[in-house]
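Have a look at the structure below, then the notes.
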Amino acid sequence: MNIDSPFFRRGGALALALLLAACSSGEDSGAGGGKPGGSKRPPQLVSTQIAAMEDFAPTLLALGTVTPSQSVAVRPRADGEIVGIAFKEGDNVRAGQLLFRIDSRQARAAVAQAEGELKGAIAAERRATLDFNRAEALVAKGFVSAAARDLARANAWSARSQIETNRALLQSAQVQLSFLTVTAPISGRTGELGFRRGATVRQGDATALVTINQISPIHVRFLVPAGNVQQARAMQAGGGGKVVARDRQSGEVLATGRLVFLDNNIDPGNGGVAARAEFRNEGDILWPGAIVDVEFPLGLATAYIALPEGAVQTGRDAPFVWAVAGAAKTPGAKGPGGKVEMRAVEVAGRLRGKVYLASGVQPGEQVVVDALARLKEGDSVRLKGSKDSGGKPQMAAGPDRPAAPSGSAG
């Protein structure tokens with residue numbers, strides 16, 4: 001007998017189809033318990049959280065760059081060799097503190113020369129004045145002509161002007177001498193040295209001797225979108241609001257400051273307005289050049305229902321949550337439970353993993369926070385346990401268990 005004939009191939013395919021149909025029928029009858037119309041969905045095991053009130057304000061989230069409140073590149077104002085450095089790299093210095101000493105021997109000699117020339121000019125002026133006084137007396141007696149007297153007067157005036165010239169030259173020499181002692185123009189923290197002891201520096205050097213950054217207080221620069229400028233201006237007028245700088249990795253609060261500056265134009269490149277917040281920066285937590293997350297409230301805080309952000313789903317018409325209605329014992333369930341119902345909600349805002357609801361949920365209600373994709377309207381659920389606003393497990397309310405009291409976070 002030829003088993004490869006078309007007859008046997010058709011017969012084998014038919015037998016396989018009948019076998020698959022029989023298996024499918026057996027599974028359906030087993031799942032439905034022999035009842036026509038399918039099986040009843042078993043209770044779903046879910047976690048819930050008790051809705052509680054927390055304060056929330058519309059908040060601008062932005063990336064910020066830490067910048068020193070002042071930064072000065074210290075450069076030489078006179079040429080010479082560095083003969084002394086009075087600080088170490090990274091030291092905190094005060095305004096007016098000595099930083100560098102540049103060879104001043106030539107400048108001191110110039111000051112001494114100017115002092116000598118000034119003394120000579122003073123002596124010449126005294127002699128010229130005496131000559132004029134004698135000529136003035138002799139003119140009256142006829143021993144000296146009026147022309148000689150006038151010449152003596154001119155010489156006295158010239159001697160006085162020479163004193164002023166030499167005094168100015170002395171002051172210039174003293175200023176040049178002072179340039180050879182370099183002091184800190186501001187208080188702050190020093191950076192890396194641009195030149196070491198023994199190096200010759202010049203006024204035109206592109207490299208600075210050292211850069212000083214003032215980091216207490218310190219600034220954080222960020223952008224305010226054009227649509228939020230008026231809100232930011234209102235907060236600045238009210239004292240600057242409360243600007244929070246957070247670590248980008250851990251979310252830890254690094255410092256709290258206030259808004260001190262809004263630029264006067266919108267940047268066409270990014271559509272925002274440059275803003276700057278000031279922080280006291282005690283302990284030097286913020287460091288120039290660091291990138292931080294900035295939170296800037298754009299209004300006053302109001303109490304809203306707070307839930308984990310994942311508890312709110314996106315619906316066809318509006319966002320919604322699954323609320324546990326009539327949290328009573330579900331027949332056949334091992335723990336407290338109830339039935340879920342879909343609640344359309346109004347979202348007031350989102351911040352740090354939480355969503356704040358303006359309507360749709362009341363304080364004290366239980367809201368499902370996991371297994372959301374498996375739920376349908378009216379499904380029975382078993383509760384793993386709910387969490388209050390502090391994160392402590394709470395059993396669901398039922399006929400034999402009172403509901404947990406609602407609270408508010410200030």
Side-chain angles (χ1 to χ4, degrees), residues 63-118 166-222 245 247-249 254-255 257 260-261 274 276-292:
L63 286 180
T65 302
V66 181
T67 60
S69 54
Q70 293 188 79
S71 182
V72 176
V74 180
R75 300 182 186 277
R77 293 186 290 176
D79 299 347
E81 177 187 347
I82 296 176
V83 296
I85 300 176
F87 70 99
K88 295 180 180 179
E89 293 172 303
D91 279 355
N92 288 315
V93 296
R94 302 180 308 276
Q97 179 177 331
L98 175 64
L99 299 180
F100 298 90
R101 289 192 300 272
I102 300 175
D103 185 7
S104 60
R105 290 173 295 177
Q106 184 176 355
R108 291 183 185 280
V111 169
Q113 180 181 356
E115 288 176 342
E117 291 176 352
L118 176 60
N166 286 106
R167 185 172 285 122
L169 291 174
L170 174 60
Q171 290 176 348
S172 176
Q174 290 171 337
V175 169
Q176 292 298 316
L177 176 62
S178 70
F179 288 165
L180 301 174
T181 301
V182 182
T183 59
I186 61 172
S187 298
R189 190 179 184 91
T190 59
E192 184 178 8
L193 286 171
F195 295 91
R196 304 288 173 172
R197 182 173 179 175
T200 299
V201 294
R202 295 176 175 81
Q203 297 183 56
D205 287 337
T207 302
L209 296 173
V210 71
T211 297
I212 302 175
N213 287 336
Q214 185 175 0
I215 58 177
S216 180
I218 201 166
H219 291 159
V220 173
R221 300 177 63 88
F222 60 99
D247 183 86
R248 296 207 65 204
Q249 300 298 325
L254 300 176
V260 295
F261 170 75
R276 187 169 64 238
E278 184 176 271
F279 299 82
R280 294 180 63 182
N281 200 30
E282 296 175 350
D284 297 342
I285 300 299
L286 297 176
W287 207 250
I291 305 298
V292 296

For V74 and V182, run side-chain contact (heavy atoms from CB on, under 4.5 Å): C-alpha distance rounded to whole Å, both residues' side-chain angles, the deciding distance at 0.1 Å, then the answer.
-> CA-CA 8 Å; V74 180; V182 182; 3.6 Å; yes
Any residue meeting side-chain hydrogen bond (donor to acceptor under 3.5 Å, both in side chains) with R197, in chain and number order, not counting sequence neighbours | none
Report the C-alpha separation of T211 and E192 in whole Å, then their side-chain angles, then the decisive distance to 0.1 Å, and conclude whether the side-chain contact (heavy atoms from CB on, under 4.5 Å) test is met.
-> CA-CA 7 Å; T211 297; E192 184 178 8; over 6 Å; no
Any residue meeting ring-ring contact (aromatic ring centres under 6.0 Å, His included) with F179, in chain and number order, not counting sequence neighbours | none
Minimum heavy-atom distance F195-T207, with the two atoms named = CE1-O, 3.4 Å
Verify, without hydrogens or angle tests, whether N166 (side chain) and L170 (backbone) share a donor-acceptor contact under 3.5 angstrom.
-> no
So which heavy atom on F222 is nearest to which on G64, and how close?
-> CB-CA, 4.1 Å
May I ask you to test the L209-L193 pair for a side-chain heavy-atom distance under 4.5 Å?
-> no
For residues 174-191, the side chain to side chain donor-acceptor pair (under 3.5 Å) pairs (sequence neighbours left out) are none
For S71, all residues meeting side-chain hydrogen bond (donor to acceptor under 3.5 Å, both in side chains), sequence neighbours excluded | N213
Which pairs of donor and acceptor atoms, one on a side chain in residues 102-112, lie under 3.5 Å apart (sequence neighbours left out)?
unit_1	atom_1	unit_2	atom_2	d
D103	OD1	R105	N	3.3
D103	OD1	R105	NE	3.1
D103	OD2	R105	NE	3.4
D103	OD2	R105	NH2	2.9
S104	OG	R108	NE	3.1

Which residue pairs satisfy the salt bridge (Lys or Arg N to Asp or Glu O under 4.0 Å) criterion with at least one member in residues 68-95, sequence neighbours excluded?
-> E89-R196
Partners meeting side-chain contact (heavy atoms from CB on, under 4.5 Å) with A184 (sequence neighbours left out) = V93, L99, I212
Could you tell me which residues satisfy side-chain hydrogen bond (donor to acceptor under 3.5 Å, both in side chains) with D247, sequence neighbours excluded, listed by chain and number?
-> S250
Expected list for residues 214-221: side-chain donor-acceptor pairs under 3.5 angstrom, two or more places apart:
unit_1	atom_1	unit_2	atom_2	d
Q214	OE1	Q70	NE2	2.6
S216	OG	R280	O	3.0
H219	ND1	R276	NE	3.3
H219	NE2	E278	OE1	3.3

In chain order, what residues pass the ring-ring contact (aromatic ring centres under 6.0 Å, His included) check against F100, with sequence neighbours excluded?
-> F87
Partner residues of R167 under the salt bridge (Lys or Arg N to Asp or Glu O under 4.0 Å) criterion, sequence neighbours left out = E164
To the nearest 0.5 Å, what is the distance between CH2 (W287) and CG (L254)?
-> 14.0 Å
By side-chain contact (heavy atoms from CB on, under 4.5 Å) - contacts of T65 (at least two apart) | T67, I291
Residue Q203 excluded, over 12 heavy atoms near CD under 6.0 Å | yes
